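All chains are named by letter (A, B, ...) in the order of the sequence lines, taking the proteins before the strands, and each is independently numbered beginning at 1. Keep in mind that this is a model prediction, so the values were computed, not measured.
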There are 4 protein chains.
Amino acid sequence: MKKRYETIIIGGGIIGASIAYHLAKAGKQTAVFESGEIGKKATRAAAGMLGAHAECDKPGTFFEFARASQSAYKRLAPELKKISGIDINRHDGGILKLAFTESDRVRLAAMAELDSAEWLTAEEVFEKEPHAAKGIIGANFIRDDVHVEPLSVCRAFAKGAKLFGADIFEHAPVLSVEAASGGGVRIMTASGAVEAEHAAIASGVWSGVFFKQLGLNKSFYPVKGECLSVWNDTIPLTRTLYHDHCYIVPRRSGKLVIGATMKHGDWNDKPDLNGIEAVVKKAKMMLPEIGGMKIDQCWAGLRPETEDGNPYIGRHPENGSVLFAAGHFRNGILLAPATGEMITDMIVGRPVNPAWEEAFKVERKEAVHK
Amino acid sequence: MKKRYETIIIGGGIIGASIAYHLAKAGKQTAVFESGEIGKKATRAAAGMLGAHAECDKPGTFFEFARASQSAYKRLAPELKKISGIDINRHDGGILKLAFTESDRVRLAAMAELDSAEWLTAEEVFEKEPHAAKGIIGANFIRDDVHVEPLSVCRAFAKGAKLFGADIFEHAPVLSVEAASGGGVRIMTASGAVEAEHAAIASGVWSGVFFKQLGLNKSFYPVKGECLSVWNDTIPLTRTLYHDHCYIVPRRSGKLVIGATMKHGDWNDKPDLNGIEAVVKKAKMMLPEIGGMKIDQCWAGLRPETEDGNPYIGRHPENGSVLFAAGHFRNGILLAPATGEMITDMIVGRPVNPAWEEAFKVERKEAVHK
Amino acid sequence: MKKRYETIIIGGGIIGASIAYHLAKAGKQTAVFESGEIGKKATRAAAGMLGAHAECDKPGTFFEFARASQSAYKRLAPELKKISGIDINRHDGGILKLAFTESDRVRLAAMAELDSAEWLTAEEVFEKEPHAAKGIIGANFIRDDVHVEPLSVCRAFAKGAKLFGADIFEHAPVLSVEAASGGGVRIMTASGAVEAEHAAIASGVWSGVFFKQLGLNKSFYPVKGECLSVWNDTIPLTRTLYHDHCYIVPRRSGKLVIGATMKHGDWNDKPDLNGIEAVVKKAKMMLPEIGGMKIDQCWAGLRPETEDGNPYIGRHPENGSVLFAAGHFRNGILLAPATGEMITDMIVGRPVNPAWEEAFKVERKEAVHK
Amino acid sequence: MKKRYETIIIGGGIIGASIAYHLAKAGKQTAVFESGEIGKKATRAAAGMLGAHAECDKPGTFFEFARASQSAYKRLAPELKKISGIDINRHDGGILKLAFTESDRVRLAAMAELDSAEWLTAEEVFEKEPHAAKGIIGANFIRDDVHVEPLSVCRAFAKGAKLFGADIFEHAPVLSVEAASGGGVRIMTASGAVEAEHAAIASGVWSGVFFKQLGLNKSFYPVKGECLSVWNDTIPLTRTLYHDHCYIVPRRSGKLVIGATMKHGDWNDKPDLNGIEAVVKKAKMMLPEIGGMKIDQCWAGLRPETEDGNPYIGRHPENGSVLFAAGHFRNGILLAPATGEMITDMIVGRPVNPAWEEAFKVERKEAVHK
C-alpha cells in the first residue's frame with residue numbers, strides 16, 4: 001500500500017466507485033478504501049430504478065440534478081462496457097406510477113404536467129401492460145425512468161477506475177480521517193496511515209462518524225428496505241410498476257425485482273418475515289398474478305437518510321481538502337453519475353452548477369424540496 | 001453396472017433408502033435406482049417431525065404402526081451414527097398441538113386421553129413455552145413426537161446400505177418394470193436392463209406409472225407443501241408448535257423450520273409468493289415473535305397422496321417378486337424405519353405383523369382411518 | 001392438461017425450447033414436457049460459446065449448419081428480447097484459439113484459411129489480449145464465434161413459445177412414446193396419456209430409451225463437463241480464450257466462465273475435486289493471472305454424445321409423426337436455432353436443406369466429419 | 001441502546017461471544033458490539049478442530065491452557081444445548097497426525113510421548129482408517145483432539161448471553177475506545193457513545209487499531225486460510241487427518257471439511273483458484289479417494305496473527321478497565337472457552353492461573369513457545 005495518493009475515497013459503494021472512476025479518468029492518482037467488498041452493502045440491495053420523476057413530487061433543483069444524472073447513464077452504458085467489459089444492463093421500459101385513488105392522482109399531477117411524463121387512463125395502461133391491477137384509475141407514464149443493474153454499475157465503475165490506474169482496497173475499513181499536518185488529509189486504516197491531497201467521504205449511512213471526526217455534527221439514519229425477486233415465466237411486463245414507494249422492476253433476465261419496506265432505524269441488513277409479508281402484499285396489489293410466481297431471492301439494504309432527506313455533496317466548509325458525498329437515501333443509484341462528476345469537478349477545479357452546489361452543500365440551512 | 005441383483009429398489013428417497021439399508025444389512029445384494037440425487041425430492045423438503053400422535057386424530061392400526069416406527073428411530077440414531085458417521089439429529093423436545101378454540105380442543109380430545117399425551121392448560125403451556133401465542137386455550141403435549149433431520153436420515157441410510165455392500169445409482173431414472181421371463185423382475189434404465197429376484201417400488205408421487213405398468217390402477221396425487229426457515233437468536237423454544245397441519249420445528253442448529261401449505265395437484269417444487277405469505281401468516285398466529293426473525297431459506301416439496309390417504313406397503317397381489325412402499329403423504333419420514341423393516345421382512349421371509357399387512361396391502365378395500 | 005395437441009416436444013432444454021418456439025410461432029398448438037425445470041440440465045451448464053469455427057477441425061456440412069445457426073442468433077437476440085423481455089446477452093468479442101506448439105498450429109491451419117478466421121502471431125494476440133499466456137506461438141482469431149447466456153436463451157425460447165400459445169409442463173417426465181392407434185403419436189406421463197399429430201424427441205442424453213421404444217437402436221453417452229466461474233475485477237479480457245477443448249469465456253457481468261472436463265460415462269452432474277483441479281490447471285495455462293481471481297461457482301453438466309459424435313435431427317425412418325433432435329454433444333447451444341427451424345420446417349412442410357437432412361438423418365451410415 | 005453497561009465487548013466472533021456468555025452468566029450487565037454479524041468472520045471459516053496436541057510441537061504453558069479449554073468444551077456442550085437450544089456438534093473421533101517421512105516422525109515425537117497421545121504404525125492407522133494414504137509411515141493419534149462446529153458454538157454463546165440478559169448489537173462497528181473521564185471506558189459507535197466499567201477488545205485481526213488508540217503498539221497480521229468441503233457418501237472416516245497444517249475433518253453431517261492455506265498479509269476473505277488448487281492437492285495427499293468426492297462449498301477466513309504468534313489475553317498494563325483477548329491465530333475455536341473464563345475471572349475478581357496470566361499478558365517480553 002502506498003502512503004500517499006492525490007485523492008482518496010472512503011467507501012466503495014456506487015457513489016464512491018463513481019467518484020473513483022471520474023477522478024481516475026481525469027488523471028488523478030486515486031485510492032478507494034472499502035470496509036467490505038465493492039458494492040456489497042446498499043448498492044447491491046437496490047433495484048436500480050433511475051426514477052428521476054418517480055422519486056420526485058414536483059420539479060425543482062433536485063429533479064434537475066436527478067435528470068442530469070439519469071441522462072449521464074445513457075453515455076456511461078456504452079463507455080463502461082468498452083472500458084471494463086461490464087454491461088450495466090440499462091433497460092428502457094420506463095415507469096408507470098399507478099394511481100388507485102383520486103388522492104393518488106392528485107399527488108401525481110404536478111409531475112404529470114412535465115413534457116417528459118404522460119398521464120394515461122386505466123384503459124391506456126392496460127394497452128401497455130395488460131396485467132396491471134384492475135383497480136387502477138390511471139398512471140403517470142415516464143419513459144425516461146429506466147433502470148440499470150446497480151452491482152454491475154458499481155463493478156464497472158470500480159474496474160474502470162482500476163484500469164485508469166486507481167487502487168481499490170477491499171476489506172480495508174477506515175478508522176479515522178483528519179487534516180494532515182502538512183496540508184491535505186490523513187486517514188488511518190488497519191494497515192497504517194495514508195495521506196492525500198483530497199479525500200471524499202462516501203460511506204453511506206456509516207458516514208456520520210467521519211463528519212463528527214471532522215467537526216461537523218450531521219446525523220445519518222438507516223432506513224432498511226426489504227426486497228425479493230421472482231421469476232416471471234408467464235406474462236409480458238416491460239415497464240416498472242410503482243405505487244407508494246413500492247415497485248416491481250422487470251429485469252432483462254426475466255426476473256422481477258420487488259421492493260421495498262421502509263424500516264427506520266434498523267441497522268440489520270437481513271429481511272425478516274414481517275418485511276417479506278409486507279412486500280408480497282404490496283406487489284400483489286399492483287400485479288395480482290405475481291402471487292403465483294416462484295420466489296428467487298430475498299434480501300435487504302440500508303438506505304442512508306440525512307436530517308433533511310437530501311444528500312450532502314460538497315466541500316467541508318472550513319477544509320477544502322475534504323469533500324462529502326453521502327446520504328443519497330433512496331436515490332444512490334440514480335445520482336451516482338452526477339455525484340461522481342460533481343465531486344471530481346470540485347477537486348480538479350472545473351466549474352460546478354452553482355444551484356446544485358448551493359442545494360447540496362453541507363452547511364445548508366434548508367433542504368431542497370423533493 | 002451389474003446386470004443382476006438379489007433386490008432392486010426404485011427410488012432413493014427416505015423410504016427407498018430405508019429399505020436398502022435394511023435389505024443390505026440382512027445380507028441381500030441390493031441396488032437403488034434414483035432418478036435424481038438421494039433424498040433431494042420430498043425427503044429434503046420435510047420438516048422431520050416424528051408426529052405419530054400429531055398426525056393422527058385417534059388411535060388405531062395406523063397409529064400403532066407409526067409408534068413402532070417412531071420408536072425404531074431411538075435405536076437407529078446411534079446405529080446409523082456408528083455405521084455411517086452421520087448424526088440424524090434426533091431432537092427430543094416433543095410437540096405442543098395448540099388449541100385456539102373449543103372446537104380445536106374437541107378435535108384433540110381423543111389423542112389427549114392416551115398415556116403418551118398430556119393435556120395442558122394455556123398457563124401450563126406458557127410455563128414450558130412462554131412465547132407461544134397468547135390466544136391459545138391449551139395444548140396437547142406429546143413428549144415422544146420428536147424430530148429428526150430428514151436428509152441426514154436418508155444420507156445415513158444410503159451410506160449405511162453402501163457400506164453393507166449395496167450399489168446406489170443416482171441420476172438413473174427407471175423407465176419400466178416388468179416380470180422377467182425367467183422369474184423375478186426386470187427394469188429398464190438409460191444404461192440398459194437390470195434383473196432381480198425382488199423389486200420394491202418406492203418412488204413417492206411418481207409411483208403411479210409403475211403400478212400401471214404392473215397392471216394395478218392406483219393413482220398418486222402431489223400435495224405441494226411450501227416451507228421456510230428463520231434464525232431464532234432471541235427466544236427459548238424447544239418444543240415443536242403445531243396447529244391445523246402447520247408447524248414450527250426448532251432445530252438443534254438454532255433454526256426454526258416452518259411449514260407447510262397444502263396445494264393439491266401442483267407438481268412444481270418451488271414456492272410461490274402466495275405460499276410464502278400463507279406460511280408466514282400461520283407461523284405468526286402460533287408464535288407472534290417469529291415475524292421479527294430473519295429469513296434463512298424458502299423451499300417446497302411434493303407429498304405423495306393416495307386415493308384413500310394411506311400408503312401402499314406390501315406385495316403385488318399376483319406377483320410376489322414385486323413389492324410397493326409408496327404414498328406416505330405427510331408421514332414419509334415418520335414411517336421410513338417401519339416401512340423399511342416390513343418390506344425387508346417380506347422379502348427375506350420373516351414374519352410380519354398381520355394387522356399392518358392387512359391395513360397397507362395394495363388390494364385393500366377400505367383404508368385404515370388416520 | 002389437454003389430451004391432444006398438434007405437436008408435442010419431449011424435453012425442455014435449449015433444443016426442445018427452440019423447437020417449441022419455432023412451432024408455436026408457426027401457429028402450431030404445441031406442448032413441451034420437461035421432466036425437471038426448463039433449461040436446468042445440460043443447458044444451464046454450458047458456457048454458451050457459439051463456436052462454429054472453434055468446434056470444427058475443417059469446413060464441411062456440419063460447419064455450414066453451425067454457421068447458419070450462429071447467424072440465426074443475430075436475428076434472434078432482438079426478436080426474443082422484444083417478445084419475451086429476456087436479453088440473451090449475445091457478446092461479440094470472438095474467440096482466440098491459442099496455439100502453444102507447432103502441432104497446435106497445424107491442427108488449426110484448415111480453419112485459419114477461411115475468410116471468417118484470421119491467423120495471429122503471438123505479438124498480434126498480445127495486442128488484443130495482453131494477458132494471454134506468454135508461451136503461445138499464435139492463435140486463430142474468429143470474430144463470429146461469439147457467445148450467449150444459455151439459460152437466458154432457453155428461458156426466452158420457452159417464454160416466447162408460451163406467449164405464442166404453447167403449454168410448457170415442467171416436472172412432467174414422459175414415460176413412453178408410441179404410435180397412436182388413430183395415427184399420430186401418444187405419450188404417457190404421470191398425469192395420463194396425451195396425443196399429438198407430431199412429436200419431437202429432444203431429451204439430450206436421456207433420449208436413448210425413446211429411440212428404443214420406437215424401434216431404433218441408438219445409444220447416447222454422457223460426457224460430463226465440470227466448470228467454474230471467477231470474478232475478473234482486474235484485467236481487460238474481451239475475447240474467449242480456447243485451447244484443447246477448454247475455454248475461458250468473458251461474460252458481460254464481469255465473470256469469467258471456465259470449462260470443461262470431458263468425463264465419459266459419468267451420469268452425475270456435480271463436480272468433484274479432481275475435475276475442479278483439472279479445470280484450474282488448464283485455465284492457468286491459458287491465462288496465468290486467473291489463479292489470483294476469486295471463485296464464484298462450480299458446476300457440471302452432461303453433454304449427450306452419440307455413436308458417431310453428430311446429432312440426430314430428422315424423422316423416424318418409418319413413422320413420419322415422430323422426429324428426433326438429440327445428441328448435440330458440445331454444440332447444443334450453437335445448434336439450437338437451426339435445429340428448431342429444421343424440425344419446424346419438416347413438421348409444417350417447408351423445404352429443408354437436403355445436405356443437412358442427409359447429414360443428420362437417423363438412418364445414416366456415415367457421420368458428417370466435424 | 002443504553003448509554004452505560006457494566007461490561008462491553010468489542011467483537012462478536014467466538015472469543016467475544018465466549019466472554020459475553022461467561023460475563024452475563026456471572027451476572028454482569030453486558031453488551032457486545034459486532035461490526036457485522038455474530039461469528040461471520042474468522043469464526044465461520046474455521047474447521048473447529050480442538051487441536052490442543054495437534055497445534056503444539058511440545059508441552060508447556062500454551063499446551064496446558066489449550067488442554068483446559070479443550071476440556072471445558074465437554075462441559076459446555078450440554079450446558080449450551082440446555083440454555084440456548086443449540087447443539088455445538090462436538091464430535092469425538094480424535095486426530096491422526098500423519099507422518100509421511102522420517103523427519104515428520106521426528107517432529108511428532110515430543111507430543112507422542114504424552115499419555116494423551118499414542119504413536120501408531122502405518123498398519124495400525126489403516127486398521128482405524130483404511131482409506132488413509134498408503135504412503136504414510138505412521139501417525140500420532142490423539143483421542144482428545146475432537147472437533148466442534150464453530151458457528152454453532154458462537155451462536156450458542158451469543159444466544160446464551162442474550163438469555164442471561166446481555167445485549168448483542170450486530171452491524172455496530174466501534175470506531176474508538178478510550179478511558180472515560182469519570183473512570184471506566186468509553187466507546188464510540190455510529191449510534192453514539194457508550195460507557196462501561198470494563199471493556200474487552202476481542203476484534204481478532206482488526207484489534208490493532210484499538211491497541212493503538214489505547215497507547216499500545218501491537219501489530220496484528222491476517223493469515224488467510226482457504227478451505228472447502230465435500231460430501232463423503234462412500235467411505236468410512238471418523239477421525240480427522242492432519243499433516244503439515246492441513247486437515248480433513250469429518251463432520252457429523254457426512255461432509256468433510258478441508259483446509260487450509262496460509263496466505264500472510266492477505267485481507268481478502270474470498271478463496272482464489274490458486275488457493276483451491278493447493279488445498280485439493282494437500283487433501284489428495286492425505287486421502288486419495290477425496291479426489292472423487294463432490295464439492296460442496298469453498299470459503300476463506302483471516303486468522304489473526306500477532307508478532308510472537310501467541311494471543312494477548314489480559315489487562316491493559318496501565319488501565320485495568322480495559323482488557324484484551326485477541327490474536328488467537330489458528331486456535332480461536334480451541335481457546336475460546338478458557339479465554340472467556342479468564343477474562344471474566346479478571347473482571348469479576350476471581351483468581352486466575354498465574355502462569356497463564358504471565359504467558360499471555362500484553363506487556364510480555366517473550367512468547368510462550370508453541
Inset, instruction - Check each atom of D/Asn89 against the heavy atoms of chain B and say whether the ones under 4.5 Å are side chain, backbone, both or neither. - result: side chain
Legend entry - Spatial distance of atom NZ (D/Lys255) from atom CD1 (B/Ile86) [nearest 0.5 Å]: 12.0 Å
Legend entry - chain B contact via D/Thr234 - which portion, at a heavy-atom distance below 4.5 Å: both
Legend entry - From B/Glu149 atom CD to D/Arg252 atom CZ, the distance as rounded to the nearest 0.5 Å: 10.5 Å
Inset, instruction - Select one option (side chain, backbone, both, neither) describing which atoms of B/Pro236 are under 4.5 Å from chain D's heavy atoms. - result: both
Legend entry - chain B contacts, top residue of D/Asn232, D/Ile83, D/Ile168 (heavy-atom pairs, under 4.5 Å): D/Asn232
Inset, instruction - Count the heavy atoms belonging to other residues, nucleotides or ligands that lie under 6.0 Å from NZ of B/Lys74, then report whether that count exceeds 12. - result: no
Inset, instruction - With a 4.5 angstrom heavy-atom cut-off, could you sort out which part of B/Ile235 is near chain D: side chain, backbone, both or neither? - result: backbone
Legend entry - Residue-level interface, residues 20-29 of chain D with chain B, non-hydrogen cut-off under 4.5 Å: none
Inset, instruction - Select all residues of residues 153-163 of chain B having any heavy atom within less than 4.5 Å of some heavy atom of chain D, and report them by number, or 'none'. - result: B/Arg155, B/Lys159, B/Lys162, B/Leu163
Legend entry - Over 12 foreign heavy atoms within 6.0 Å of NZ, D/Lys82: no
Legend entry - Partner chain B: residue of D/Ile88, D/Asp233, D/Ile38 with the largest heavy-atom pair count (under 4.5 Å): D/Asp233
